[in-house]
Amino acid sequence: MDIGFIATIFFIGLIGSFISGMLGIGGSIINFPMLLYIPSALGIAQFTAHEVSGITAIQVFFATIGSVIAYRKSGLLNKRLIAYMGVSILIGSFFGGLGSTHMPESGINTVYGVLAIIAAVMMFIPKKGLDDIPLEQIKFNKWLAALLALVVGIGAGIVGAGGAFLLVPIMLTVLKIPTRMTIASSLAITLISSIGAITGKVSTGQVEFLPSIIMVVASLIAAPLGAMSGKKINTKVLQVVLALLIFATAVKIWIDILITNN
């Protein structure tokens, strides 16, 4: 393991974790394609989709820890929402992580692409007046929230993600949770989800520990900085950035899937 390898993995971890804290996602939506393509393009390392999903599972856990700590005194963490969605997504991600060993790499990439497309479509649905709702007056269907989180957890466990890149659109569009509360609460939910994903990945030998450690160090540095930035940025800007990010990722993944299959 040379300096170039360490620097590349660390840089990828910094970018993904900063965006994680700022937008309320685990960071895997950035780190998955970056880990899959950048080390290979630079001739530094060649990770498989299974290895990348294991590394991102570890990174998501530590990135969300740093971000949740940064939000702990903000009043934006909805404990009821976190409890209902957190338990459901934990169960789903555990079984998704275990089941991923029975899927080919093309299957893992396809699941990732499908989830990204769904998330992108949902992010472009208008959300008028969403952020005008007082935080103390927020209500949501707890059983619908739990069911959706279970489904997201299964898919996220397969990919090795925390699932927040799909949770955020669901919370904004379906459950009608204001943007800043969505970002903060989704990080806590994703933290819970990543426990199940990590357990499934580690128990089935899908984690490369050295690059995972590098990503963890980067996550603990960058995620809190991203969270602090997210508190200051206009909510409309946050929504647009997340929507474009998810859309671009979905396009990239599907282009690669189609090229591979042909």
Side-chain angles (χ1 to χ4, degrees), residues 1-2 4-20 23 25-63 93 96-97 99-120 155-166 190 194 197-198 200-202 204-219 222 242 244-262:
M1 186 170 63
D2 58 20
F5 176 86
I6 295 173
T8 301
I9 302 302
F10 186 76
F11 180 71
I12 292 173
L14 284 179
I15 294 176
S17 299
F18 182 85
I19 294 174
S20 164
L23 299 178
I25 60 176
S28 63
I29 195 167
I30 301 294
N31 288 331
F32 190 95
M34 289 179 73
L35 281 171
L36 201 57
Y37 303 118
I38 292 178
S40 175
L42 296 177
I44 294 172
Q46 180 74 53
F47 295 118
T48 66
H50 283 291
E51 291 170 338
V52 169
S53 67
I55 295 169
T56 55
I58 300 292
Q59 180 271 330
V60 164
F61 177 74
F62 285 94
S93 64
S100 65
T101 57
H102 303 293
M103 295 182 65
E105 288 189 29
S106 60
I108 293 177
N109 290 333
T110 299
V111 169
Y112 185 82
V114 169
L115 292 177
I117 286 178
I118 294 172
I158 291 173
V159 176
F165 69 96
L166 189 53
T190 303
S194 65
I198 286 177
K201 296 294 181 182
V202 172
T204 52
Q206 297 184 64
V207 176
E208 291 287 317
F209 285 101
L210 288 178
S212 296
I213 292 171
I214 297 172
M215 295 285 282
V216 166
V217 174
S219 297
L242 182 57
L244 293 175
L245 179 64
I246 294 174
F247 178 76
T249 303
V251 171
K252 170 62 177 174
I253 288 294
W254 277 107
I255 288 175
D256 291 331
I257 289 173
L258 292 173
I259 291 175
T260 301
N261 291 338
N262 291 332

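Owing to the predicted nature of the structure, the values given are computational and were not obtained by experimental measurement.
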Revision key, fill the gap. To the nearest 0.5 Å, atom CG of Asn31 lies from atom CD1 of Ile58 at 13.0 Å

Check your understanding: Looking at CD1 of Ile55 and CZ of Phe209, how far apart are the two atoms once the value is rounded to the nearest 0.5 Å?
Key -> 10.5 Å

Check your understanding: With Ile44, which residues qualify under side-chain contact (heavy atoms from CB on, under 4.5 Å), at least two apart?
Key -> Phe5, Thr8, Leu42

Check your understanding: Phe47 and Val52: which non-hydrogen atoms are nearest, and at how many Å?
Key -> CB-CG2, 3.6 Å

Check your understanding: If we only count heavy atoms from C-beta on, is the Pro39 to Ile12 side-chain gap below 4.5 Å?
Key -> yes

Point to revise | side chain to side chain contact (heavy atoms under 4.5 Å, CB included) partner of Leu35, the single match among Glu51, Gln59, Met215 | key: Met215

Check your understanding: Looking only at heavy atoms, which two atoms of Phe62 and Val216 are closest? And how far apart?
Key -> CD1-CG2, 3.3 Å

Exercise for review: Could you list the residues that satisfy side-chain contact (heavy atoms from CB on, under 4.5 Å) with Phe10, not counting sequence neighbours?
Suggested key: Leu14, Ile214, Val217, Ala218, Ile221

